[in-house]
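Following: one structure in structure tokens, then a few remarks.
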2 protein chains.
Amino acid sequence: MTPMKTTGTDCQYEMIAAQDALELIQGRWRIPIVLSIVYGNKRFGEIRRAVSNISPKMLSQELKALEENKIIIRQLYDTMPITVEYSLTPLGASMRQLLVELLNWGTSFRKALIDKNH
Amino acid sequence: MTPMKTTGTDCQYEMIAAQDALELIQGRWRIPIVLSIVYGNKRFGEIRRAVSNISPKMLSQELKALEENKIIIRQLYDTMPITVEYSLTPLGASMRQLLVELLNWGTSFRKALIDKNH
DNA sequence: CCGAATCCTGTTTGATACTG
DNA sequence: CAGTATCAAACAGGATTCGG
């Protein structure tokens with residue numbers, strides 16, 4: 001399959017791939033969470049501080065979903081008190097290029113909007 | 001700004017860029033809609049057929065949002081009956097690389113999940 | 001053909017307080 | 001520290017009907 005083929009009318013395959021990816025990426029929190037882990041393993045509280053305004057409930061819930069989708073790994077260390085560390089799987093790490101493009105585009109999108117409003 | 005810098009602790013700028021982008025991209029429909037227009041202008045009914053299972057209400061609503069965010073342009077032709085054509089703005093067209101990465105990743109994500117389930 | 005308007009439902013999200 | 005529990009609010013999405 002060649003992504004973004006130029007034939008035009010038929011883009012069913014692209015649609016499916018896009019919707020697969022979107023199903024995981026969706027929501028306000030998952031991308032920021034992955035982004036906060038991409039530089040190195042992080043603990044619950046660290047992620048919480050990096051992703052501002054996320055409630056513990058949402059963070060817990062989204063981390064669980066990401067783990068189920070094999071994007072991140074949860075490592076429990078039986079210290080006192082308990083510590084937990086999250087890291088990316090290879091699949092999660094393979095999101096890097098996508099994240100780069102998202103950040104690039106997000107930056108130009110923000111600039112474009114600001115320019116228009118003044 | 002260098003995207004994905006490797007310093008580690010501080011990624012506030014990246015977070016903001018990501019959340020800007022996400023705000024627009026979010027939801028099940030917007031990316032598929034943009035994807036359906038990226039190959040060339042399309043009319044309402046054409047988009048509706050390309051993005052399977054979308055209701056006219058959601059399509060109308062999401063098109064409006066995309067127009068307000070300067071991603072697409074709505075062109076009204078005063079024929080009989082009326083025809084409407086949607087096309088990408090330069091800002092919309094600049095999503096191309098992001099879409100490519102999304103499709104690439106979506107494909108490998110799907111493959112990874114299938115492999116694990118068998 | 002291209003939507004707009006209305007109503008309705010379930011899911012998602014959030015604030016807050018609490019636990020091992 | 002790393003989460004759960006609970007309750008309320010917000011929102012996404014569908015069905016249907018209507019109009020230019």
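Note: hydrogens, waters and symmetry copies are ignored here, and every other heavy atom, side chains too, is used. In the text below, chain A, chain B and the rest are named by the order of the sequence lines, each starting its count at 1.
- Considering CD1 of A:Ile72 and OG1 of A:Thr89, their distance stands at 8.5 Å, rounded to 0.5 Å.
- Residue A:Arg48 places none of its side-chain N or O atoms closer than 4.0 Å to OP1 or OP2 of D:dA2.
- Using a 4.0 Å heavy-atom cutoff across all strands shown, A:Tyr77 reaches no nucleic acid atom at all.
- Here the CD1-CD distance, from B:Ile31 to A:Glu14, works out to 13.5 Å after rounding to the nearest 0.5 Å.
- Applying the side-chain hydrogen bond (donor to acceptor under 3.5 Å, both in side chains) test to residues at least two apart or on different chains, the pairs with a partner in residues 17-36 of chain A are A:Asp20-B:Arg110, A:Arg30-A:Glu62.
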Enumerate donor-acceptor pairs with a distance under 3.5 Å from any side-chain N or O in residues 43-58 of chain A to protein atoms, sequence neighbours excluded.
| unit_1 | atom_1 | unit_2 | atom_2 | d |
| --- | --- | --- | --- | --- |
| A:Glu46 | OE1 | A:Arg43 | N | 2.8 |
| A:Ser55 | OG | A:Met58 | N | 3.3 |

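- The nearest whole Å value for the distance from the CG atom in A:Leu63 to the P atom in D:dA2 is 11 Å.
- Taking the side chain as every heavy atom from C-beta outward, A:Leu24 and A:Leu66 approach each other to under 4.5 Å.
- Sequence neighbours left out, not one pair with a member in residues 72-89 of chain B passes salt bridge (Lys or Arg N to Asp or Glu O under 4.0 Å).
- For A:Arg49 and D:dG3, the CZ to C1' distance is 14 Å, given to the nearest whole Å.
- Contacts between chain A and DNA chain C, taken as any atom within less than 4.0 angstrom of a protein heavy atom, begin and end at C:dT13 to C:dA15.
- For the atom pair CE of B:Met95 and CG of B:Leu35, the computed distance is 9.0 Å after rounding to the nearest 0.5 Å.
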Under 4.0 Å protein heavy-atom contacts per nucleotide of nucleotides 10-20 of chain D, with B for base, S for backbone only and - for none
---BBB-----
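- A rotation axis mapping the C1' atoms of four pairs onto the next four is fitted at both ends of the helix from C:dC1-D:dG20 to C:dG20-D:dC1 over five pairs, and the angle between these axes is 50° to 10 degrees.
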